[in-house]
Amino acid sequence: MVKLKLPDGSERVLEGDLTGKDLLATLEPALKKEVICLSIDGELADLGAPLPAGTTVSLVRRTDPAALEVLRHSTAHIMAQAVKRLFPEAKLAIGPAIENGFYYDFDLPRPLTPEDLTAIEAEMKKIVKEDYPFTREVLTKEEALARLKAEGEVYKVELVEELEDGTISFYQQGEFNDLCRGPHLPSTRYAKAYKLTSIAGAYWRGDSSRPMLQRIYGTAFFNREELESYFKFLEEAKKRDHRKLGRELDLFSTDEQIGAGLILWHPKGGRIRQVIEDFWRDEHVKNGYELVYTPHLGRSVLWETSGHLGFYQENMYAGMEVEGQDYLIKPMNCPFHIAIYQSRSRSYRELPFRWAELGTVYRYERSGVLHGLLRVRGFTQDDAHIFCRPDQMPEEIDRVLEFCLKMLKAFGFKEFKLYLATRPEKSVGTEERWAAATEALRAAIEKTGLPYEVDEGGGAFYGPKIDLKIKDALGREWQCSTIQFDFNEPERFDLTYKGPDGHDHQPYMIHRALLGSLERFFGILIENYEGAFPLWLAPVQAIVLPVLPENLEYAGTIYDWLRQNGIRAELDSRNEKIGYRIREAQMQKIPYMLVVGSKEAETGQVAVRARREGDLGAWSREDLLARMQEEIAAKR
RNA sequence: GCCAGCGUAGCUCAAUUGGCAGAGCAGCUGACUUGUAAUCAGCAGGUUAUCGGUUCAAGUCCGAUCGCUGGCUCCA
């Protein structure tokens, strides 16, 4: 007896020795067409799978996310079959479904070219048309190894050697056979909309000491429309690329002579940064932080004490010698904040300390990982360290998390996802401290009511942490904020405070960054807003456009008046047609264009054109200023 | 760092098989006197990323360096 759960919530009981195919036969045709595979007691299985008695079976339809994964995984197999046809000597590695598609890694006799992708796609089309069913067979470990060794599939052999006997399945479609857990599509015909997207190198098992394989990426959907809208999404993302917008809007640049991953903030980018920094400082002071400033270098003995020379050295720049002493450029701010703590003895009455700094750090990132503003070698963290007593710790965590959300919301982010990372195997700190800190983090997260995941063992060796991800206008996730406990440095620096009992106690130390780094956050903001910053952030908030040179004098009074009222205004007095100057201002994404001609000069008004709404007609300057100030205050 | 690709004027891109480095936009000069997304004309702009090599001849072929792009965890 098998229980079948239908999508509408109803259940049917089926008798006898059944497979998925028998079950399918009992369904109405419209539903039957939708089914891709099955879920037997929550485990995905092929449509042809036998149904053990006493199980509950549900249908996985095209619209289910699991179905898309199956489709992509099967498409990866179809691609591998095509590659094998074109390169019989190809060795197979792995080929899973991933977030936006799939890949398959191959060991090939020569590097692939983009033309090869076209040829592989053409071969895939044939395979789909030939409509091979995917059939499953289960082999013993011995049989599996014998088969793969005979085929020379060295990577698959390695995979099988790590598997347990009795769990080893192979899938066959046409002449192609591959080790695979499954499940798969009923047949190759189901793969209707796919595209190979790129070729990349990838180490076998991600290990740089192992062979470099060739990875082919692709994506697949159940229909053409979805495939096309995915490529539209990619185009949309390309339009928002902060590297492109950064150049077009004159926000930032890099320079070969200066070096990779080192950012030059141009005046317009600088204005935005200043607004962000001013807001950040004000909010920190309001929220009980004090601002500190620390140097860019410190003696190597500092980094020995902190432990960075042990666990972080590969990310630090080589030191320099000054008067016989070794100095290193800071990759983190924490040892300096600790030094402030240690500048005198501390009492339990003084705690907590919340010390914040926009601290510029330098980290050696491998050249291949650098990316615009998002991954750089020199950046400014919006860093802070909290030193507190154990009894204060839960409240401090609450406050940080609440503050963090408030800060991110001010920049227009509305969707958040939290990740709680717990104790890894190799770690320092007492069991009690880990448990108390992890509990405080969990409790703070739960108070927010936001969705979260627990990353078991994903914490740093020195403490548990919360990572917070934001969703941007395109639905992409970015990680900015992090809240981390540190049990390592208080120990290494022997941080203490005098307790009410007259004894020394170790404070809790919490690292936290809300925006992450100003560079990275700026990059995310550019992409989120597509360069069209809300008024409070816009580098140029208003541009005054005299219609004729004879209107220049009046335009100048408007311009001065705006600046005196704290508006970042510019005056475009160039001898160009008004349409031309409006076009330029529009392309520079300036929120307000103020057209002033003889009519306005007579009435003392301005003709307002808003970036998004267009021509708003004549406004008195007071009304305009009120509108702008309201918009700035609301951070819209 | 490794794999693959790329680097021509400020930007976007041309330049037959190796055979005189070009266009549009931006810039500058001048004319036009302009009312809500591009007025017209002229001028200037380059050691083809850098260094070396092959060749009668290199933007093009070879090597090195620098920089840029995509990828290198997501378990058959």
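The sequence lines fix the lettering, A, B, ..., with proteins before strands; numbering per chain opens at 1.
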Exercise. Mind calculating the distance between CG (A:Leu117) and C1' (B:G5) to the nearest angstrom?
Key: 12 Å

Quiz item: Thinking salt bridges, do A:Asp207 and A:Arg205 make one under a 4.0 Å N-O criterion?
Solution: no

Self-check item: Nearest-angstrom distance from the residue atom OH of A:Tyr104 to P of B:C75
Solution: 13 Å

Exercise. In whole angstrom, give me the gap between the P atoms of B:A38 and B:C20.
Key: 39 Å

Quiz item: With the threshold set at 4.0 Å, does a side-chain nitrogen-carboxylate oxygen contact exist between A:Glu236 and A:Lys239?
Solution: yes

Practice problem: May I ask you to say what A:Ile578 touches in the nucleic acid, namely base, sugar-phosphate or nothing, with a heavy-atom cut-off under 4.0 Å? | Solution: sugar-phosphate

Quiz prompt | Inter-nucleotide C1' distance (B:G59, B:G7), Å rounded | solution = 11 Å

Quiz item: Closest nucleotide of RNA chain B for A:Gly614 versus for A:Tyr364: which of these residues is on the 5' side?
Solution: A:Tyr364

Quiz item: In residues 594-601 of chain A, what residues come within less than 4.0 Å of RNA chain B, judged by heavy atoms?
Solution: A:Val595, A:Gly597, A:Ser598, A:Lys599, A:Glu600

Exercise. Please work out if A:Lys156 contacts a base, only the sugar-phosphate, or nothing of the nucleic acid, heavy-atom cut-off 4.0 Å.
Key: sugar-phosphate

Quiz prompt | Euclidean distance for C1', B:U50 against B:A58 (whole angstrom) | solution = 16 Å

Practice problem: Would you jot down, in residue-number order, the residues of residues 134-152 of chain A having a non-hydrogen atom under 4.0 Å from RNA chain B? | Solution: none

Quiz item: Without hydrogens or angle criteria, can the side chains of A:Thr140 and A:Glu142 be said to hold a donor-acceptor pair below 3.5 Å?
Solution: no

Self-check item: Distance between C1' atoms of B:C62 and B:A26 (Å, rounded)
Solution: 37 Å

Practice problem: Before accepting this row, confirm whether a basic side-chain N of the pair A:Arg612/A:Glu631 lies closer than 4.0 Å to the acidic partner's carboxylate O. | Solution: no

Quick test: give all pairs of protein nitrogen or oxygen and nucleotides 24-29 of chain B nitrogen or oxygen below 3.5 Å, distance rounded to 0.1 Å.
from, atom 1, to, atom 2, distance (Å)
B:A26, OP1, A:Tyr580, OH, 3.3

Quiz item: Could you write out RNA chain B as a dot-bracket string, with dots for unpaired bases, | for bases paired across to another strand, and Watson-Crick or G-U pairs counted at under 3.5 Å?
Solution: (((((((..((((.....[..)))).(((((.......))))).....(((((..]....))))))))))))....

Quiz item: When the P atoms of B:U47 and B:C51 are considered, how many whole Å apart are they?
Solution: 10 Å

For residues 258-267 of chain A, which side-chain N or O atoms pair as donor and acceptor with protein atoms under 3.5 Å away, sequence neighbours left out?
from, atom 1, to, atom 2, distance (Å)
A:Trp265, NE1, A:Glu519, OE2, 3.4
A:His266, ND1, A:Asp250, OD1, 2.7
A:His266, NE2, A:Ser253, N, 3.4
A:His266, NE2, A:Ser253, OG, 2.7

Practice problem: Using a strict 4.0 Å threshold on nitrogen-to-oxygen distance, state whether A:Asp178 and A:Lys84 make a salt bridge. | Solution: no

Practice problem: Scan A:Ala607 against the nucleic acid and name what it touches under 4.0 Å (heavy atoms): base, sugar-phosphate only, or nothing. | Solution: base

Exercise. Would you please say whether a donor-acceptor pair under 3.5 Å links the side chains of A:Glu570 and A:Tyr559?
Key: no

Practice problem: Identify whether any heavy atom of A:Arg247 sits under 4.0 Å from a base atom; if not, whether one sits that close to sugar-phosphate; answer base, sugar-phosphate or nothing. | Solution: sugar-phosphate

Quiz item: Would you say the side-chain atoms of A:Tyr171 and A:Arg136 include a donor-acceptor pair closer than 3.5 Å?
Solution: yes

Quiz item: Taking the P atom of each, how far is B:C11 from B:A4, in whole Å?
Solution: 28 Å

Quiz item: Can the positive tip of A:Arg147 be found less than 6.0 Å from the middle of the six-membered ring of A:Phe170, inside 45° of the ring normal?
Solution: yes

Practice problem: May I have the distance from A:Ile582 (atom CD1) to B:U39 (atom P), rounded to whole angstrom? | Solution: 12 Å

Quiz item: In the 5'-to-3' direction, what one-character label does each nucleotide of nucleotides 67-74 of chain B receive under the scheme B = base within less than 4.0 Å of a protein heavy atom, S = sugar-phosphate only, - = no such atom?
Solution: SSSBBBSS

Quiz item: What integer number of Å spans the P atoms of B:U48 and B:G19?
Solution: 16 Å

Quiz item: Are A:Tyr155 and A:Asp107 close enough that a side-chain donor and a side-chain acceptor fall under 3.5 Å?
Solution: yes

Self-check item: Rounded distance (Å) that lies between atom P of B:C11 and atom CD of A:Gln588
Solution: 15 Å

Quiz item: Is A:Arg240 paired with A:Glu530 through a side-chain N to carboxylate O contact shorter than 4.0 Å?
Solution: yes

Quiz item: Does A:Lys195 count as lying over the ring of A:Phe231, i.e. NZ or CZ under 6.0 Å from the six-ring centre, within 45 degrees of the axis?
Solution: no

Practice problem: To the nearest 0.5 angstrom, please state how far the CZ atom of A:Phe416 sits from the NZ atom of A:Lys471. | Solution: 12.0 Å

Self-check item: Nearest-angstrom distance from the residue atom CG of A:Asp116 to C1' of B:G5
Solution: 14 Å

Quiz item: Just by distance, with hydrogens left out, do A:Asn528 and A:Arg476 show a side-chain donor and acceptor under 3.5 Å apart?
Solution: no

Quiz item: Could A:Lys465 and A:Asp467 be called an ion pair, given the rule that one side-chain N must be under 4.0 Å from one carboxylate O?
Solution: yes

Practice problem: Indicate yes or no: does A:Arg363 engage A:Glu314 in a salt bridge with an N to O separation below 4.0 Å. | Solution: no

Quiz item: Do NZ/NE/NH1/NH2 and the carboxylate oxygens of A:Glu175 and A:Arg85 come within less than 4.0 Å?
Solution: yes

Quiz prompt | Atom-to-atom span, CD of A:Gln586 to P of B:G35 - whole angstrom | solution = 18 Å

Quiz item: A:Glu158 and A:Trp204: side-chain donor and acceptor closer than 3.5 Å?
Solution: yes

Quiz prompt | B:A14 to B:C28 separation - C1' atoms, rounded to the nearest Å | solution = 25 Å

